[in-house]
Every structure is written in structure tokens, then in C-alpha cells.
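Everything on this sheet refers to the single structure shown next.
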Amino acid sequence: MKENQKNQLEASFGQSISVKDASLWYSDFQAIKSISIEIPEKKVTAFIGPSGCGKSTLLKCFNRMNDLVQGCKITGEFLIGDVDIYGKIDVNELRKNVGMVFQKPNPFPMSVYDNIAYGPRTFGIHKRSELDEIVEESLKQAAMWEELKDRLNKSALGLSGGQQQRLCIARALAVKPKILLMDEPTSALDPISTGKIEELCDELKKTATIVIVTHNMQQAARISDYTGFFLLGELVEYAETDEIFTSPKDERTEKYITGRFG
Amino acid sequence: MTSAKIKERLGRTLFAFGAAICIISVLAIFVFLIVKSAPAFNKIGIFDFIFGNKWAPQGSDTYESALKGSYGIFTMISGTAASTVGALLIGGVLGYFTAIFLVFYCPQKLKPIASTIINLLSGIPSVVYGFFGIAFLLPLLSKMAPNNGSGLLATSIILGVMILPTVVSLSKTALEAVPNQYYDGSVAIGASHTATVFKIMVPSARGGIIASLILGIGRALGETMAVVMVAGNSPTYPSGLFNSFRTMTANIVLEMGYAGQVQEGALIATGVVLLMFVLIINLMFNLISRKTVDGIVKRPKESKLKAKAFLFSQKIKEGAGSISYKIKSSKIGEAVAKASGIAVALILAMIIVFIFVKGLPTLVTKPQLIYGKFEFGSENITILPAIICTVLVVIISLLIAVPIGIMTAIFLNEYAKRESVFVRIVRGAINILSGVPSIVYGLFGMITFVKIFGGSASILSGSLTVSIMLLPTIVRSTEESLKGVSNSLREASLALGAGKLRTILKVALPSALPGILSAVILSIGRVISESAPLLYTMGSVIKAVPKGILEGGATLAVALYQLSGEGWYINEAYATAVVLIILVLGLNIFAEQVGKTLNRRLKGDANERKSKKSA
């Protein structure tokens with residue numbers, strides 16, 4: 001019975017995101033102003049805009065990380081596949097399906113292996129052989145297996161910043177998310193590490209939907225299929241990336257991408 | 001899925017339960033002390049009890065019959081007040097200048113050593129201070145005293161040294177928190193280092209320094225064993241430096257063992273009066289330190305700073321008599337600060353060297369003192385039973401206090417909404433628990449646990465009593481450590497779909513482990529040092545090795561009190577003191593090291609170093 005329920009839930013989390021008329025308040029401050037957006041599956045969608053425009057906040061609505069903020073109020077409809085994620089669902093199950101990579105690398109103070117095995121263990125996988133397989137697979141997906149296979153038992157905190165961030169991506173991949181949210185994942189990294197992560201995005205979109213928040217417009221242009229431009233809590237323009245960068249419809253978008261403000 | 005939810009809820013309930021125990025403990029202490037002392041207050045009369053100056057209890061007095069004895073504690077309230085003032089004059093002043101020395105005059109290289117020394121001073125058990133008083137200070141004072149040297153002066157000196165660590169470490173923190181711009185601003189005008197220190201830096205830290213003195217007062221008020229050993233203890237006013245007198249704490253310890261009905265009530269009532277004094281002092285401390293913290297957080301505006309510096313420069317330019325006089329007094333301050341720093345180091349060295357010189361030979365020539373078989377009334381006394389009792393109390397009290405303390409801290413830091421009523425009550429309870437004098441814990445344990453477990457003192461009762469005492473330290477340091485765990489780690493765990501319980505147990509708690517572990521080690525030291533709360537809950541007789549935890553027995557610290565009091569076993573007492581000092585100081589140093597090493601390992605440095613070595 002329990003297994004059944006779980007499977008049903010899992011099956012119904014799709015890979016597309018659909019937001020209708022979403023608003024969000026932190027106490028009295030309205031951070032998101034009735035945004036609607038459709039994010040297609042297995043594509044890279046980038047959110048760009050100046051700081052404080054609500055792009056990260058919207059991202060965190062997709063895995064309900066905003067629930068942790070006291071005084072946060074959300075209205076509107078958020079569907080992942082067909083599932084209303086603010087309806088009667090298990091939040092932990094949602095977060096398993098919608099993974100997240102944060103701005104600053106945040107590996108746990110554990111070994112590389114335990115970092116990656118943390119998620120699977122959370123969901124009841126304890127068999128060593130199974131875990132070994134998942135760890136190897138996740139590290140390969142994150143293109144780090146060759147670098148790390150000999151130091152699986154070393155502390156993850158001994159890795160470089162770029163390695164740590166890719167480890168965090170591998171950790172997120174270990175629970176096989178259908179959607180991966182990335183909140184400015186390269187803002188704390190050097191150009192080489194940034195390049196590696198961008199390559200990774202291209203690879204990962206074969207299996208997962210990726211939503212990435214970035215400050216870096218070149219990055220958005222390089223890696224994303226769709227781009228949304230946010231300003232002061234509103235979604236100003238949302239279209240295919242080529243279109244946004246070559247012929248933006250809104251004057252504000254044009255000003256922003258040509259560097260006249262932001 | 002549902003089972004996960006049940007687990008979450010169970011966890012939350014369990015943590016809240018820990019927090020509830022803290023509240024229950026405080027309530028129990030108040031309720032029991034008040035209920036048990038009410039008949040005595042009633043029979044004697046509150047006014048006569050507090051302001052009566054004759055204390056001559058009769059063991060045969062009961063609540064039914066007419067009183068034959070007198071029960072007035074004003075001489076003892078005066079004794080407590082006088083010895084506290086004395087302690088403040090010696091320890092407060094010395095501590096104040098030592099803190100200034102440490103922050104502004106101590107050579108950089110010596111600073112860590114000096115801080116360690118101050119920490120060590122706070123680790124020395126109070127019986128050891130008392131014993132040092134008996135063995136070293138009293139003979140010294142007796143040369144200029146009409147009696148054996150006991151009385152207000154000896155008590156003030158010992159108490160003064162005991163409050164030093166409190167005063168120094170808190171004043172030091174306050175001085176270090178003064179913004180550096182103050183210093184730069186003053187020196188840039190041309191004021192000397194010393195003038196800046198005494199005219200700008202010290203006055204800016206005034207609030208914190210006053211708070212440290214108040215906390216020192218709180219400590220002096222509640223101190224028991226060291227005072228009993230050097231005060232003389234006759235229930236009279238402290239009328240001279242060398243006149244025997246008694247404090248409230250001493251009154252309880254001296255007579256609780258054989259008290260009659262009214263007498264026992266009156267002793268518990270003494271505990272209530274003492275507790276009131278301490279609570280008022282702690283309240284003052286909290287008010288003042290809250291104000292200073294705010295003051296430091298809200299740094300004064302630049303303009304205000306400039307105005308201050310300008311006024312100061314004007315004064316220097318004027319060079320008028322009064323100012324140069326003040327600067328001269330700063331020079332004196334500098335000399336006093338340096339002298340204080342050296343004096344404190346000397347005092348610690350003196351205590352340790354004296355006891356080691358006297359005690360080590362006995363340990364070497366009579367090692368059976370530690371492991372010998374106990375024979376009643378024999379010349380060959382052994383402290384083996386005391387060591388075993390100590391180990392048992394340490395284990396049992398930690399088994400109780402550590403889980404409850406950690407649960408409470410988790411509840412406060414991970415679950416509770418800030419500023420909710422329940423949280424405020426829990427914090428209040430922990431504040432109160434940390435201020436309750438150890439002898440009052442002893443009283444509480446005696447009228448509750450001892451009564452519950454068959455009426456005679458036992459290891460179990462002693463452990464329960466001490467475990468309540470340990471709660472505040474464990475809660476606070478665990479909470480501090482949990483606060484130190486970066487929120488990004490919790491987010492990472494939650495974002496992977498882990499529940500709150502798993503996030504706490506697998507991510508937050510392990511990262512907080514170094515802090516928790518050093519708190520646990522310090523708690524071991526605390527249990528080993530304590531004697532006042534154990535004397536009547538666990539027993540004071542050095543007897544054979546206990547057969548179970550429902551039997552009583554003296555711990556090492558209590559044994560030292562007994563051995564030093566009887567005079568027959570003075571060499572054994574020295575040896576016991578050596579063992580105690582080694583244990584406690586060793587644990588203190590160990591705690592510091594464990595904290596550092598684990599922290600380093602957690603941050604991955606140790607691993608790096610290892611891999612470098614192997615490469």
C-alpha cells in the first residue's frame with residue numbers, strides 16, 4: 001500500500017513546470033507579482049535580471065524551499081507535470097524530484113562518498129553495492145569520476161571550490177531528480193570551473209529539466225534554450241533565448257541585455 | 001510516508017520534552033524549597049528569621065511545640081554580605097586590572113597562555129581552594145592574627161581568587177569588544193597608549209565590566225565549601241578581619257546533616273533567602289549585559305566618536321593641572337595593571353606548586369592510597385572508593401544531563417519559533433538554573449531524591465542532583481554549536497528531500513559535535529569538582545567501595561573536605577588534592593584540544609595534511 005502510494009506520487013511528478021498568477025510576500029514585501037510562466041521539459045531555462053528582482057525567489061517556489069522562511073506567503077498555482085505542489089503532497093518527495101544546487105557550494109562535512117550517498121540513504125537505500133553504483137553513476141554524470149574515484153573517502157571539504165560545486169551537483173543527481181534548479185551555481189567560481197558546469201548543463205538536459213538563475217547574461221545566452229527576464233518581482237519577458245538576445249520585445253529587456261542598467 | 005511523518009512528530013515531541021524537563025526542574029526547586037521552608041518561616045516569623053541576630057537552634061524543636069531555640073540569620077546575611085564585599089575588593093579589583101593587562105599590555109606571545117591560565121583557575125575545585133586556605137593561607141595569617149588566621153580576611157582572599165576568572169574573562173570580552181576606531185582616533189590625536197586605554201577604552205567597556213563584577217558577586221554569594229573551610233563559622237557578626245563568622249551557605253552545610261525539624265526548615269529557609277539574593281543579582285546581570293550588548297551592536301555614530309575624540313584632544317591641549325593629574329593616574333593604572341597580571345599568574349603558580357610539593361611525595365611513597373584495599377579505621381587509608389564513587393557520579397549524571405541538554409538545545413535552535421512564550425520560559429528556566437548556588441541544589445536533592453530513594457544518601461540521588469546542575473552548560477554550548485552550523489548545510493539536506501529530523505540528526509548535530517564534546521568534558525570536570533551538592537545527597541563518609549548506585553559514598557572532592565577537616569590525614573589530603581587538580585586541569589586542557597582538533601577535522605584540514613604526509 002505504502003509503496004503503491006509512493007509510486008503513484010513519483011509517477012505523477014512530471015518534468016514541466018507551469019505557474020499561473022503566482023505572488024509571494026515576505027511579511028509585507030511583495031517579492032513576486034502575479035507571474036505566470038510555462039517551463040518546458042528537458043530544456044535549460046534561464047532566469048536573468050538584476051539582484052532583488054525575484055528570480056531566485058521564484059526558483060525556490062518550485063521545491064518549496066520558501067516554506068522555511070518565516071512570514072512567507074504564496075498564492076497562485078504551481079504545477080509540476082499535473083501535480084499541484086502546494087496541494088496535498090509530501091514535500092520531501094517533491095524535493096527528491098526537484099533537486100537544487102545553491103549559489104555557494106555547500107558540501108556536508110563528510111566524505112565525498114557519504115555526501116553523494118546522503119540522498120539515496122534518505123530514501124531507504126542502504127545496500128552497499130547499490131550505493132556504490134549510485135555514487136559512481138552520479139559522479140560520472142557530473143564528470144568527476146576520474147578526478148575523485150581515488151578520494152571517495154576523503155572529506156569533501158578538502159576539495160576546491162569548483163570541485164565542491166560539481167560534487168553538490170552530483171549529490172543532487174544521486175536521487176535522480178526530474179528537474180534540477182540551479183541558483184547562480186557559478187557565481188562563486190573561477191572561469192574554468194564555470195565552463196565545466198556549463199558543459200554539464202548541456203549534458204544533463206538530456207534527462208532532466210534545468211532551471212538556472214544567473215547574473216551572467218553571457219552564461220544565459222550560452223547554455224539556455226529559454227530565457228525569462230525579471231524586474232522588480234515581475235516577469236518582463238519570456239521567450240526562446242535567441243529571441244530574447246537578438247530581438248527583445250520589451251524596451252526594459254533590451255536596456256538590460258545591452259548593459260544600460262542592472 | 002506516514003511512518004516518516006510519525007518519526008518527525010515523535011522527534012519534535014521528544015525535543016520539546018527535554019525543554020520541558022528544564023522548566024520542570026526549576027519549578028520543582030522553587031516549589032519544594034518553598035513548601036519545605038514555609039512551616040519554618042511561619043513558626044519563626046519571617047521578620048524574626050531574617051532580622052534576628054541570634055542563631056541557637058534546638059534539635060528537639062518541632063512545629064507543634066513551643067520554640068526553645070533561636071532562629072535568626074541576620075548575622076549570616078551580614079557574613080555573606082561582608083565576605084562578598086571583601087571578595088569584590090580583592091578579586092574584583094585584581095580581576096579588573098588583570099583584564100586591562102591582558103587586553104592592552106600583555107605581549108602577544110603570552111596572550112594565549114594567559115587565557116589558558118585564567119581558564120584553569122576557574123577549573124580548580126572549590127574544596128581545593130578551601131584546602132589551600134587551610135594549609136597555606138591560615139598558617140600565614142595566623143602570624144599576625146590573634147587566632148588561627150580564619151575569619152573575614154582569609155575568606156575574602158580565597159573568595160577573591162575564586163571570582164577572578166569570572167571577572168577577568170567577562171571584562172576581557174567587554175574590553176575586546178570596544179571598536180578599534182576609538183583607539184585609533186585617540187592615538188591619532190597624540191594621546192599615549194596608556195592615556196587612550198584608561199581614558200577611552202576602559203570607560204567605553206564600563207557596562208561589560210560592571211556586568212562581570214556582578215556575576216562575580218553572584219559567584220561569591222553562593223560559594224560554600226571554600227568558605228566553610230576558612231571562615232571560622234561561629235554564628236556571629238563579621239566584626240573584624242580575624243573574627244570567626246558564618247555565611248548563609250556555611251550555615252546550611254554545617255547543620256543540615258543533623259538538623260531537627262524546625263532547624264531543618266530554617267536551614268531550607270536560609271537556602272530560600274540565599275536563592276533570592278542570587279536571583280536578584282542575576283537579574284541585574286541580565287539587565288546590564290543586555291544593555292551593553294545592544295550598545296556594542298549599535299556602534300556609536302562616527303560623529304559621536306569624533307566629538308569624543310575632539311573633547312579629549314582639547315583636554316590634552318589645555319594641559320591643565322587636572323588633566324595632567326589624570327594622565328599621571330593613568331600611568332599608575334598601567335603599573336597596577338601590569339602588577340595584577342603578574343600577581344594572578346603567581347597566585348595560580350603558588351596554589352599548584354604548593355599543593356604538588358606537599359602532595360606528590362605522599363603519592364609516590366604511598367601509592368596504595370590510590371589503589372589499596374579499604375579497611376575500616378585503618379592507618380592505611382585509601383581513596384579508591386572515592387575514585388570509584390566519582391566515576392559513577394560522572395557517568396550517571398552525564399547519562400541523564402547530556403541527552404536532555406542536547407534535546408533542549410535542538411528544540412530551542414531547530415524547532416522553536418523565536419520569541420514564542422514557551423521558548424522564553426525555557427530560556428528563563430535555563431538562566432535561573434545556571435544561577436542557582438550549588439548548595440541550594442544540594443538542599444533540593446536532599447529533600448527530593450534522597451527522600452524518594454529510601455531516605456539515605458546514595459550515588460543515584462547525588463547523580464540526579466548534579467545532572468540538573470549540568471543542564472544549563474550543556475544546553476548553552478550545544479545551542480551555540482548548533483547556531484554555528486551554516487544554514488546552507490541544512491538547506492542542502494532539505495533540498496535533497498531529507499526531512500527535518502534527518503537533517504538535524506545527520507547534518508546539524510554531527511557538525512556541532514566538537515562544541516558538544518568539549519562541553520561534555522568540561523561537565524565531567526565540573527562533577528569532579530563539586531562537593532556542596534553531593535555532601536548530603538550522596539554522603540560524606542569515606543567508606544568501602546559501593547556495591548550499587550543506591551549506596552552512598554564520598555567523591556574525591558568530598559573526601560578532600562573530610563580528610564582536611566579531621567587533621568589526622570593531612571598528607572593524604574594533599575595527595576587527594578593533587579589527584580583532583582590533575583584530573584580537573586587535565587580535563588580542561590583536553591576539552592580545549594578536543595574542540596580544536598575535531599573542528600579542524602570537520603573542516604577537512606586534517607585530511608589534507610594526512611594526504612600530504614602520505615604523498
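These figures come from a predicted structure and were not determined experimentally. Throughout, a chain's letter reflects where its sequence line sits, starting with A, and its residues are numbered from 1.
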Inspect the surroundings of NZ in B:K500 and state if more than 12 heavy atoms from other residues, nucleotides or ligands are less than 6.0 Å away. yes
Which atoms of A:V98 approach chain B - backbone, side chain, both or neither, heavy atom under 4.5 Å: backbone
Show your reasoning for whether side chain to side chain donor-acceptor pair (under 3.5 Å) applies to A:S111 and A:D114. CA-CA 5 Å; A:S111 67; A:D114 288 337; 3.3 Å; yes
Do A:S56 and A:D183 have side-chain atoms, one donor and one acceptor, less than 3.5 Å apart? yes
Taken to the nearest 0.5 Å, the spacing of A:R166 CZ from A:L189 CG works out to 9.5 Å
Of the listed A:R121, A:Q70, A:K104, the one with the largest count of heavy-atom pairs under 4.5 Å with chain B is A:R121
Interface moiety of A:P177 toward chain B, non-hydrogen atoms closer than 4.5 Å: neither
Regarding B:T503 and B:R490, do their side chains bring together a donor and an acceptor under 3.5 Å, going by distance alone? no
Contact class of B:S486 relative to chain A, heavy atoms under 4.5 angstrom: neither
So what's closer than 4.5 Å to chain B heavy atoms on A:F108: side chain, backbone, both or neither? both
